[in-house]
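Notes follow once the structure below has been shown.
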Amino acid sequence: MQLSPPGNLPSRENMDTATSVKHLGEFTGEEVLLEGWVYNSRSSGKVGFLMLRDGTGIVQCVLSRADVGEELFAAFKELTQETSITVWGVVKEDSRAPGGYEIIAGGFTVHQLALDYPITPKEHGTAFLMDHRHLWLRSRRQHAIMLVRHEIIRATRDFLDDNDFILVDTPIITPNACEGTSTLFGLDYFGRQAYLTQSGQLYNEANARAHKRVYCFGPTFRAEKSKTRRHLTEFWMVEPEMAYCDLEGDMAWAEQLVAYIVSRVLETSGQQLEVLERDTGKLEQVKAPFPRLSYTEAVKSLQSAGVDMQWGGDFGGGDETIISEQYDQPLIVHRFPAAIKAFYMKQDPDDNKLALGMDILAPEGYGEIVGGGQREEDLEVLMARLLEEGLSAQEYEWYLDLRRYGSVPCAGFGMGIERVVAWICGLPHVRETIAFPRLLNRLEP
RNA sequence: UCCGGUGUAGCUCAAUUGGUAGAGCGAGUGGCUGUUAACCACUAGGUUGUAGGUUCGAGUCCUACCGCCGGAGCCA
């Protein structure tokens, strides 16, 4: 359908390129062309309101029957939700319009009329929305979440890049399991057993000896049959690794990264947080340094809170919540029992029952967002720990080489992007923090 | 894998003690000159998750299975 606008209104020929809703403020009083989709439309007998969504924002376009003519006005009334259209008209400041600006429309062109769009402006259940995830992404809240995710990733990369970290990607397909095969997705690699990575850390350690400070950033896979609000089977993790760094340095880098991300989102994404109805007061309190608690202190604190827990065990999700709710900042828990940690984690020289690991627990019950620690740099100790875990030294020869040729203290951590997004956006579940989540019971769409 | 909940129109939900399956939204038709998830009137829309059982009669009670949601375990 192509309709010509009447004579005294802006015509499409006057404009060469389309602008976007995000930049409308620069065109007050001018004619613009917008390309987008119908978000919603309303009409009374002689005035129509078209909410146009163009990916950068939503703007109300006003069509007056007297101005646009009978034919165009009748065509407007045929428009359905999510129909793709190009609209042209004059930008006008108007306090009655959501967003402060509206378009006095001169005309529009329909590209495709969308019939029976499944997601109506009313409420829907999560199962239905997840089945229509490919369409749900267009809605206002989901759009805002993806923008915040984008900003979190940008802030992460800016922070690391500006501090002389080099992005060195690590492989997704790996030949062996660094911490047992039960949590890994297996795959056939030309007749050999291979796995999807659950961490780039071992490779990061090699890269850190080439570049001193490195990070990898990619998808990570866990085949755990976990069915909780904080687990995905495929998630994105950024993993910085630093040569010549100990546990203290590791904690400092991690807390500064987290604090920087929060301040950047507050600075740039206020509009999105408003759409998400996030209480930003709680985010504004996030400032490095974060409070620190040793594992041993955390266990004592839990025991005095009435939790039945012995020294040596791992924290459950509920335990994490109880500990972190005592603080309004992210909390660093450090020095865990060596027995429950991976073979490559360095033992505490002051107490060999402890490993030099650390976790950061997000406030408001969001749980662990960062996990990391100092690596064992001594060849003999590392070899002994590896064999203790029943792993084959032969498969880790290249990793052991890192201790043979210029070994140094080395530390790093992994930060789960989806958990950080869930926390900063104030979402109850990580499934909305990624465009197409992979969950225990969900592989589609 | 275990425990709990749930499944009714395209969507979100009602339906009394077991007695004719209903509303809002969405869709369609008409009306309305400033709407904000617009509003008003009318219309269409159903194998009540599946299979079996009890009963004169089952959305409702019983059994099994399936899906989904939440929690536990396991994990980041």
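Proteins come first, then strands; the chains are lettered A, B, ... in the order of their sequence lines, and each starts at number 1.
- Between the CD atom of A:Gln60 and the P atom of B:rA37 there is a distance of 11 Å, rounded to whole Å.
- Between A:Arg385 and A:Glu388 there is a salt bridge, since at least one side-chain N of the basic residue sits less than 4.0 Å from a carboxylate O of the acidic one.
- Ring-plane geometry between A:Tyr344 and A:Tyr399 is classed as perpendicular, the angle between the planes exceeding 60 degrees on a 0 to 90 degree scale with a lower cut at 30.
- Here the separation of B:rA72 from B:rU54, taken at their C1' atoms, is 36 Å to the nearest Å.
- Listed for the A:Glu239 side chain is a donor-acceptor partner under 3.5 Å among the backbone atoms of A:Gly200.
- Listed candidates were B:rA27, B:rG34, B:rA76. Nearest to the side chain of A:Arg222 is B:rA76.
- Contacts of A:Asn441 with the nucleic acid, taken as non-hydrogen atoms under 4.0 Å apart, involve only primed sugar atoms and P, OP1 or OP2.
- A:Glu82 and A:Arg53 are joined by a salt bridge, as a carboxylate oxygen and a charged side-chain nitrogen come within less than 4.0 angstrom of each other.
- B:rG45 and B:rG28 are spaced 11 Å apart, taking the C1' atom of each and rounding to whole Å.
- If you take atom P in B:rU8 and the same atom in B:rA15, they sit 14 Å apart, rounded to whole Å.
- In this structure, A:His132 and A:His134 have parallel ring planes: the angle between them is below the 30° cut-off, well short of the 60° mark.
- If you check the side chains of A:Trp37 and A:Thr83, you find no donor sitting under 3.5 Å from an acceptor.
- Here the side chain of A:Arg438 pairs a donor or acceptor atom with the backbone of A:Leu443 at under 3.5 angstrom.
- Residue-to-nucleotide proximity on RNA chain B shows that, of A:Ser43 and A:Ser64, the 5′-proximal contact is made by A:Ser64.
- Of the candidate nucleotides B:rU35, B:rC74, B:rU33, B:rC74 has the atom lying nearest to any side-chain atom of A:Thr228.
- Residue A:Arg431 is classed as a sugar-phosphate contact, given heavy-atom separations below 4.0 Å to backbone atoms only.
- Under 4.0 Å is where a charged nitrogen must lie from a carboxylate oxygen, and between A:Asp351 and A:Arg335 no such pair does.
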Between A:Leu79 and A:Phe108, is a side-chain contact (heavy atoms from CB on, under 4.5 Å) present by the stated rule, with each step listed?
-> CA-CA 11 Å; A:Leu79 295 179; A:Phe108 59 86; 4.1 Å; yes
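- Nucleotides B:rG73 and B:rG57 are separated by 48 Å at their P atoms, to the nearest Å.
- Rounding to whole angstrom units, CG of residue A:Leu129 and P of B:rG26 are separated by 16 Å.
- Salt-bridge check for A:Lys287 with A:Glu255: failed, with every basic side-chain N at 4.0 Å or more from each acidic carboxylate O.
- The interatomic distance linking A:Phe49 (CZ) with B:rA37 (C1') rounds to 15 Å, in whole Å.
- With distances taken from any side-chain atom of A:Ala127 to the nucleotides B:rC68, B:rC74, B:rG34, the minimum falls on B:rC68.
- To the nearest angstrom, C1' of B:rA27 lies 13 Å from CD of A:Glu78.
- Checked against B:rG71, B:rU33, B:rU35, the side chain of A:Arg229 finds its nearest nucleotide in B:rG71.
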Between protein and nucleotides 41-49 of chain B, map the contacts as a letter string: B base, S sugar-phosphate only, - none, heavy atoms under 4.0 Å, written 5' to 3'.
-> ---------
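- For the pair A:Thr56 (side chain) and A:Lys22 (backbone), a donor-acceptor distance under 3.5 Å is present.
- For the pair A:Asp250 (side chain) and A:Asp246 (backbone), a donor-acceptor distance under 3.5 Å is absent.
- Across B:rU12 and B:rU48, the matching C1' atoms stand 16 Å from one another, rounded to whole Å.
- The distance between atom CG of A:Leu135 and atom P of B:rG26, rounded to the nearest whole Å, is 18 Å.
- If you take atom C1' in B:rU63 and the same atom in B:rA21, they sit 25 Å apart, rounded to whole Å.
- At a threshold of 4.0 angstrom between heavy atoms, the contacts of A:Phe235 include nucleobase atoms, whether or not backbone atoms are also involved.
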Detail all sub-3.5 Å separations between protein N/O atoms and N/O atoms belonging to nucleotides 4-14 of chain B.
{"from": "B:rC11", "atom 1": "O2'", "to": "A:Glu123", "atom 2": "O", "distance (Å)": "3.1"}
{"from": "B:rC11", "atom 1": "O2'", "to": "A:His124", "atom 2": "ND1", "distance (Å)": "2.4"}
{"from": "B:rU12", "atom 1": "OP1", "to": "A:Gly125", "atom 2": "N", "distance (Å)": "3.1"}
{"from": "B:rU12", "atom 1": "O2'", "to": "A:Glu123", "atom 2": "OE1", "distance (Å)": "3.0"}

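- A side-chain donor-acceptor contact under 3.5 Å links A:Tyr117 to the backbone of A:Leu135.
- Across all strands, A:His132 comes closer than 4.0 Å to no nucleic acid atom at all (heavy-atom distances).
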Begin from the C-alpha positions of A:Asp161 and A:Tyr215 and carry the test side-chain hydrogen bond (donor to acceptor under 3.5 Å, both in side chains) through to its verdict.
-> CA-CA 9 Å; A:Asp161 294 348; A:Tyr215 67 102; 2.7 Å; yes
Side-chain donor-acceptor distances from residues 420-435 of chain A under 3.5 Å, at least two apart:
{"from": "A:His429", "atom 1": "ND1", "to": "A:Arg431", "atom 2": "N", "distance (Å)": "3.0"}
{"from": "A:Glu432", "atom 1": "OE1", "to": "A:Gln142", "atom 2": "NE2", "distance (Å)": "2.9"}
{"from": "A:Thr433", "atom 1": "OG1", "to": "A:Val430", "atom 2": "O", "distance (Å)": "2.6"}

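- Comparing A:Gly371 and A:Gln81 along RNA chain B, the residue whose closest nucleotide (by nearest heavy atom) sits nearer the 5' end is A:Gln81.
- B:rG59 sits 15 Å from B:rU17 when the C1' atoms are compared, rounded to a whole Å.
- Looking at residues 361-370 of chain A, you'll see A:Glu368 sit with a heavy atom under 4.0 Å from some atom of RNA chain B.
- Under the side chain to side chain donor-acceptor pair (under 3.5 Å) criterion, A:Glu376 pairs with no residue at all, not counting sequence neighbours.
- As judged by a 4.0 angstrom heavy-atom cut-off over every strand, A:Glu102 is placed among the base-contacting residues.
- Considering only the side chain of A:Arg42, B:rU35 comes nearest among B:rU35, B:rG34, B:rC74.
- Atom-to-atom, CG of A:Leu440 to P of B:rG71 comes out at 13 Å; the value is rounded to the nearest Å.
- Comparing B:rG4 with B:rC42, their C1' atoms are spaced 45 Å from each other, to the whole Å.
- A straight line from CD1 of A:Ile104 to P of B:rG34 spans 14 Å, rounded to a whole angstrom.
- One can place CD of A:Glu82 at 17 Å from P of B:rA37, the figure rounded to the nearest angstrom.
- Across all strands, A:Leu232 comes closer than 4.0 Å to base atoms (heavy-atom distances).
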A:Trp253 and A:Phe165: ring-ring contact (aromatic ring centres under 6.0 Å, His included), yes or no, with the steps?
-> CA-CA 11 Å; A:Trp253 279 116; A:Phe165 282 77; 5.0 Å; yes
Return one dot-bracket line describing RNA chain B 5' to 3' (Watson-Crick or G-U wobble pairs, both distances under 3.5 Å; ( ) same strand, [ ] crossing, | another strand, . none).
-> (((((((..((((.....[..)))).(((((.......))))).....(((((..]....))))))))))))....
